[in-house]
Protein chains: 2
Amino acid sequence: MGQEVRTSTPTGSSAPRSGRGATRDQVDRAVRTALLTGRFIPGKAVTLRGLAQDLGVSPMPVREVLQRLAAENALIVRPNGRVQVPEMTAARFDEILKARLLLEPELAEMALPYLTRRDAKSLEEIDLEIDASIGTGDAEAYMRLNHLFHFRIYSASPSEILLPLAESLWLQFAPFMRMVYGRVGTANLIDWHKEATKAIRDQDAAALRMAIASDIKEGMGILGRDGLTSE
Amino acid sequence: MGQEVRTSTPTGSSAPRSGRGATRDQVDRAVRTALLTGRFIPGKAVTLRGLAQDLGVSPMPVREVLQRLAAENALIVRPNGRVQVPEMTAARFDEILKARLLLEPELAEMALPYLTRRDAKSLEEIDLEIDASIGTGDAEAYMRLNHLFHFRIYSASPSEILLPLAESLWLQFAPFMRMVYGRVGTANLIDWHKEATKAIRDQDAAALRMAIASDIKEGMGILGRDGLTSE
DNA sequence: TTGTGGATTTTGTGATCACAAAATAATCAA
DNA sequence: TTGATTATTTTGTGATCACAAAATCCACAA
């Protein structure tokens, strides 16, 4: 039972627990990364015992994790108690876009003074991997790396408030993104990562805000056009 | 058991469950209103069995609710598993203020087209009660009514994203507000509620944004000056 | 073939329990 | 009296269970 599979620190969650809530943390990490990389399909119901068995734990920690994620609006609890990945609607999508444009440029600007040349170098390496994942069409890797790129920036700031809010937004749109990538592929994805990296090197707040905002609009613009027509 | 005390929509939670998660909803509502009216003291640990006994339920639904609220950053889970109301810091306070100023004016503007003259009338009545609670120095009533005033506005919009984010922010600063009111009283509180109500009557988006922003700055400005010096 | 009704299984919920970690109380030595 | 050390209690965690609601399956009739 005591699987010690510690991969990385979950963004919103707390520090790597010693041995207290180890099982719950394991489940939390597993479900969160599954959501962020799109391994959960919107509309698909998530059963308690099923997930528990997949992860080799009792239903108890799974219950708590699902409650947590429902509180973050990453999952919804239907009136009958069933938990499922929320489906995207046009209104929801527009509002997420609006919220991201409000929060993330601000978050990036807050992080800017804390970002060093070393961080810029690290971001460039991630961006190279992103280009590679686009080339091979590996949507899951692309999503993981894109999340990593953004939150490597945001989490440089000591933010306790805006950062969890942004993380909550990502959890909400990521499963839908994955669906769209599966449908239209990742080939024609364009991003503003190089501009963002340059702005960080130059410590240019306005340029960074603009790069992040453009990246958000660009990325979700593609999704918006092709993804929501069928719903 | 079917207490219909709906002060506001619990952020993540759904409609009043029929009989499925009734106990959990009861606990959720109880803890949320306790936080919003400041009945929980920052820094004070919340014990699982204690809360369960107070509410006359088993520790089980309390566990899930505390996990939910921890996910919304309304409570924090210390590395030893203890749950407590977070303490306010200057940085935290400033960031909450920033986040509120980003989200709530936007939310108000989104709600504006849905707000009728009837709503404006209702808001005026609430504001009268607020003035009364200030007069009698009833801090708990003031907090409940102030929350009601703001979210009567915000929740008029069909927002699914920004509204829960705003609710999360309120859960985070409310306990701290209560502490300050207990120290400096509610006598010298000034708000922009009348300006907001007028802006709603006039359907003037810019004026409403400005009234909400001013109300936030004013209300938290008082807190900021007097409240955080001791920490 | 297609509904339709009842039987069966699956599911979430709340409660209880055993256990280990942590916090608190009590004890004793200096 | 004060400090550390041990004993006791409290606490969160994970597992299991009983139960009711819900979903699924299946037989049967039109």
Side-chain angles (χ1 to χ4, degrees), chain A residues 1-6 10 13-31 40-41 43-71 74-87, chain B residues 1-3 10 12-31 40-41 43-71 74-87:
Chain A
M1 55 171 79
Q3 283 285 23
E4 289 286 315
V5 193
R6 182 165 313 294
S13 193
S14 56
R17 209 74 54 80
S18 56
R20 192 55 159 170
T23 309
R24 182 173 53 208
D25 277 9
Q26 171 201 345
V27 174
D28 191 271
R29 218 161 5 243
V31 178
F40 284 171
I41 299 160
K44 177 98 169 288
V46 178
T47 71
L48 214 63
R49 288 171 171 87
L51 234 177
Q53 193 164 352
D54 288 350
L55 297 170
V57 299
S58 93
M60 187 59 53
V62 178
R63 272 167 72 170
E64 301 190 351
V65 168
L66 293 189
Q67 289 295 323
R68 289 183 71 119
L69 289 165
L75 297 171
I76 57 175
V77 183
R78 303 234 329 258
N80 50 359
R82 267 334 228 299
V83 172
Q84 71 174 41
V85 182
E87 302 204 52
Chain B
M1 59 170 69
Q3 282 287 21
S13 191
S14 53
R17 210 76 54 81
S18 56
R20 192 56 159 170
T23 309
R24 182 172 55 208
D25 277 9
Q26 171 200 345
V27 174
D28 191 273
R29 228 173 341 257
V31 178
F40 284 171
I41 299 160
K44 177 97 168 290
V46 177
T47 71
L48 213 66
R49 288 171 171 86
L51 234 177
Q53 194 164 351
D54 289 350
L55 297 171
V57 298
S58 94
M60 186 60 53
V62 178
R63 272 167 72 170
E64 300 191 351
V65 168
L66 293 189
Q67 288 295 324
R68 291 183 69 120
L69 289 165
L75 297 171
I76 57 175
V77 183
R78 303 229 335 253
N80 50 0
R82 272 326 234 303
V83 171
Q84 71 175 40
V85 183
E87 301 205 51

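Residue numbers begin at 1 in each chain, while the letters A, B, ... track the order of the sequences.
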Could you grab the distance from atom CG of A:Asp28 to atom OG1 of A:Thr23, nearest 0.5 Å is fine?
12.0 Å

Rounded to the nearest 0.5 Å, how far does CG of A:Leu66 lie from CZ of B:Arg68?
11.0 Å

Using atom CD of B:Glu64 as one end and atom C1' of C:dG14 as the other, report the distance to the nearest whole Å.
9 Å

Distance check: side-chain N/O of A:Asn80 vs OP1/OP2 of D:dA23, anything under 4.0 Å?
yes

Whole angstroms only, please: what is the CG-P distance between A:Leu55 and D:dA15?
11 Å

Of all residues at least two apart in sequence or in a different chain, which pass the side chain to side chain contact (heavy atoms under 4.5 Å, CB included) check with A:Ile41?
A:Lys44

Once rounded to the nearest 0.5 Å, what's the spacing between atom CG of B:Leu69 and atom CD of A:Gln67?
10.5 Å

Starting at atom CZ of B:Arg78, determine the distance to atom C1' of D:dT11, rounded to an integer number of angstrom.
13 Å

Quick one: B:Leu75 CG to D:dG12 C1', roughly how many Å, whole number?
15 Å

Quick one: label B:Val46 by what it contacts on the DNA or RNA (base, sugar-phosphate, nothing), any heavy atom closer than 4.0 Å.
sugar-phosphate

Counting the atoms with a prime plus P, OP1 and OP2 as sugar-phosphate, which does B:Val27 contact under 4.0 Å by heavy atoms, base, sugar-phosphate, or nothing?
nothing

If you check every side-chain atom of B:Pro61, which of D:dA18, C:dA15, C:dT16 has the closest atom?
C:dA15

To the nearest Å, give me how far apart CG (B:Asp28) and C1' (C:dT13) are.
15 Å

Under 4.0 Å: is that the gap between some side-chain N or O of A:Ser58 and OP1 or OP2 of D:dA15?
yes

B:Met60 atom CE is separated from D:dA15 atom C1', nearest whole Å, by 10 Å

When you get a sec, tell me which of D:dG12, C:dG12, C:dA15 is the closest nucleotide to the side chain of A:Leu48?
C:dG12

Side-chain donor-acceptor distances from residues 57-65 of chain B under 3.5 Å, at least two apart:
unit_1: B:Ser58; atom_1: OG; unit_2: B:Met60; atom_2: N; d: 3.1
unit_1: B:Arg63; atom_1: NE; unit_2: A:Glu64; atom_2: OE2; d: 3.0
unit_1: B:Arg63; atom_1: NH2; unit_2: A:Glu64; atom_2: OE2; d: 3.0
unit_1: B:Glu64; atom_1: OE1; unit_2: B:Arg24; atom_2: NH1; d: 2.5
unit_1: B:Glu64; atom_1: OE2; unit_2: A:Arg63; atom_2: NE; d: 3.0
unit_1: B:Glu64; atom_1: OE2; unit_2: A:Arg63; atom_2: NH2; d: 3.0

Residue closer to the 5' end of DNA chain C, A:Arg82 versus A:Arg63 (nearest nucleotide):
A:Arg82

In whole angstroms, how far is the P atom of D:dG12 from the CD atom of B:Gln84?
12 Å

Using whole Å, what does the distance between atom P of nucleotide C:dA20 and atom CZ of A:Arg24 come to?
18 Å

Phosphate OP1/OP2 of D:dA20: any B:Arg20 side-chain N/O under 4.0 Å:
no

